[in-house]
Amino acid sequence: MFRQERKGQPLQHAGSVEAANDHFADVYAREQYGRRGESTALWVVPRSAVIEIDDFVDELNRNYHRVDGYPLKEKLKEARERAGTEADPGDR
Amino acid sequence: MNELEQKLILEIADDELVLGWRDSEWTGIAPMLEEDVAFSSIAQNEIGHARALYELVARELGTTADELAFDRSPDEYRCAPIVELRLLDWAQTIARHYLYEEADAIRLERLKRSDDPEIAGLAAKIDREEAYHRIHAQMWFDRLQGEPRFAAALAELRPQAAVLLDSELRGAHTPELPELWNEMTMVRRSQPAGTKW
């Protein structure tokens, strides 16, 4: 179950419904996510249509590929030590 | 609003109140969680419709919705016996739901054409919510169609559904009504005399 709160916004996963067929899924989705004016649109997608990917291999620990993974501060400090220069006062 | 209209509105209000009460007995024990939410919400809507209809008549009669709903004796109720039945079988419950929505759609169409703008307006408002009930009833009908238990329940209850559309057939009640009435009015009757809210 994906719902859009306001027009123009992305549809976001809101939960799931257990239903015998598409018709039941439609009715239960409306009932639980739509009929109080809380959504402008719903997407009801069968579970089987979802391709789930959760195995992200990083064997060589290439942390610069990761959004959280590149500690620039540390690298900069190491580089300065090697070069024997001090940190710029404005550079912290 | 003439006397005939008052009587008609009161009949529908009684149907909606009693059916809403009976349907709410499935809250917590409906076949699936999703259905529990959906059916409880339908029950709540029916009671909401009863309240709005009672209010309309209460203004005419110089009384209140609560007095109409809870201060009459069981034989003064004008509901149809079909809504009084305590059904413990889901197939029967869905059969009643389907038959009720079928009849309710017909009488709401009639009310929507009323010369009284208040009646027509309220009927239109109620009908917008009933549309969900009809979709729900139809979905179950499609799903259970062909199941012998459901077919038997429909055949058993269908003759009783005729009362919903005919004032002349009303007046008789099932032995289940007094017990339901007792439960329904218990809180209100338990208030000490003179209590004001």
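Quick caveat, the model's predicted, so the values are computed rather than measured. Chain A is the first sequence line, chain B the second, and so forth, proteins listed ahead of strands; every chain is numbered from 1.
Residue contact with chain B, scored on non-hydrogen atoms closer than 4.5 Å, involves the side chain of A:N21 exclusively. Only the side chain of A:R30 comes within less than 4.5 Å of a heavy atom of chain B; its backbone N, CA, C and O stay farther away.
A 4.5 Å side-chain heavy-atom check between A:E18 and B:E35 finds every atom pair outside the cut-off. In this structure the side chain of B:M32 reaches within 4.5 angstrom of the side chain of A:Y28, judged on heavy atoms.
Note on A:V44 and A:F2: separate hydrophobic clusters, where clusters join Ile, Leu, Val, Met, Phe, Trp and Tyr whose side-chain heavy atoms are under 4.5 Å apart, directly or indirectly. Using a 4.5 Å cut-off between side-chain heavy atoms of Ile, Leu, Val, Met, Phe, Trp and Tyr, with links allowed through other members, B:L53 and B:L61 fall into the same hydrophobic cluster. Linking Ile, Leu, Val, Met, Phe, Trp and Tyr whenever their side-chain heavy atoms come within less than 4.5 Å leaves A:L11 and A:L42 in two separate clusters.
In this structure, CD in A:E31 is found 11.0 Å from CD1 in B:I135, a value given to the nearest 0.5 Å.
More than 12 non-hydrogen atoms from other residues, nucleotides or ligands lie less than 6.0 angstrom from CD of A:Q9. The 12-atom threshold is exceeded at CG of B:N2, counting heavy atoms of other residues, nucleotides or ligands nearer than 6.0 Å.
Residues A:S16 and B:E34 approach most closely at O-OE2, 4.3 Å, considering heavy atoms.
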